[in-house]
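Given the structure is predicted, the values throughout are model-derived calculations rather than measurements. Counting begins at 1 with the first residue of the sequence.
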Amino acid sequence: QVELVESGGGWVQAGGSLSLSCVASGDTYSFYRMGWFRQAPGKERELLASITRGGGSTHYADSVKGRFTISRDNAENTVHLQMNSLKPEDTAVYYCAADFRAGGPWAYWGQGTQVTVSS
């Protein structure tokens with residue numbers, strides 16, 4: 001059984017920074033990819049960033065490229081998302097996700113953490 005637990009969400013003024021963390025427990029040693037999504041009210045869930053097991057391959061959505069950084073600590077089964085230069089439009093619930101496969105729908109999800117950016 002796999003469980004993902006996010007932390008680090010909260011409130012910040014525009015231009016500020018937040019760091020999110022996601023700790024995976026259970027049979028996680030063979031996760032191929034881990035990533036961060038977000039979903040704002042009335043909008044579809046959006047993939048923001050992903051990283052492969054060795055950290056050698058990362059992907060960012062255009063909306064966060066240059067502002068957000070994803071990193072992964074395999075020893076601690078943790079994935080982080082450093083968010084800088086936050087904008088009001090970054091307000092959403094942020095979700096951690098993981099999968100053993102390289103493609104297809106993501107198999108495992110955290111419960112989500114709220115990020116609110118005020119103008």
For the side chain of [X] and the backbone of [Y], is there at least one donor-acceptor N/O pair under 3.5 Å apart?
{"X": "Asp99", "Y": "Ala107", "value": "yes"}
{"X": "Trp109", "Y": "Trp106", "value": "yes"}
{"X": "Glu6", "Y": "Gly112", "value": "yes"}
{"X": "Arg33", "Y": "Arg101", "value": "yes"}

Inset, instruction - Dump the intermediate steps for side chain to side chain contact (heavy atoms under 4.5 Å, CB included) on Gln114 and Thr91, then the final yes or no. - result: CA-CA 8 Å; Gln114 177 71 43; Thr91 295; 3.9 Å; yes
Does the side chain of [X] reach to within under 4.5 Å of the side chain of [Y], using non-hydrogen atoms?
{"X": "Asp90", "Y": "Arg38", "value": "yes"}
{"X": "Val79", "Y": "Ser71", "value": "no"}
{"X": "Leu48", "Y": "Tyr94", "value": "yes"}
{"X": "Val115", "Y": "Leu20", "value": "yes"}
{"X": "Ser50", "Y": "Met34", "value": "no"}

Legend entry - Asn77 CG to Ser25 OG distance, which is reported to the nearest 0.5 Å: 8.5 Å
Inset, instruction - State plainly whether one hydrophobic cluster holds both Leu18 and Phe37, where clusters connect Ile, Leu, Val, Met, Phe, Trp and Tyr through side-chain heavy atoms under 4.5 angstrom apart. - result: no
Inset, instruction - Indicate if Val12 and Trp36 have the same hydrophobic cluster label, given that clusters are the connected sets of ILVMFWY residues with side-chain heavy-atom separations under 4.5 angstrom. - result: yes
Legend entry - Lys65/Asp62 ion pair, N-O < 4.0 Å: yes
Inset, instruction - Locate the shortest heavy-atom distance separating Pro88 from Ala14; write the atom from each residue and the value. - result: CD-CB, 4.0 Å
Inset, instruction - Might you point out which heavy atoms bring Leu4 and Ala98 nearest each other, and give the distance in Å? - result: CD1-N, 3.8 Å
Just checking, is any N or O donor in the side chain of [X] or [Y] under 3.5 Å from an acceptor N or O on the other one?
{"X": "Ser17", "Y": "Asn84", "result": "yes"}
{"X": "Tyr32", "Y": "Arg53", "result": "no"}
{"X": "Ser21", "Y": "His80", "result": "yes"}

Inset, instruction - Please work out which of the three classes, parallel, tilted or perpendicular, describes the rings of Tyr108 and Phe31, given edges at 30° and 60°. - result: tilted
Legend entry - Aromatic Tyr95 / basic Arg45 pairing, under 6.0 angstrom, 45° off normal: yes
Inset, instruction - With Tyr60 as reference, evaluate Leu47, Ile70, Ile51 under the side chain to side chain contact (heavy atoms under 4.5 Å, CB included) test and give the passing residue. - result: Ile70
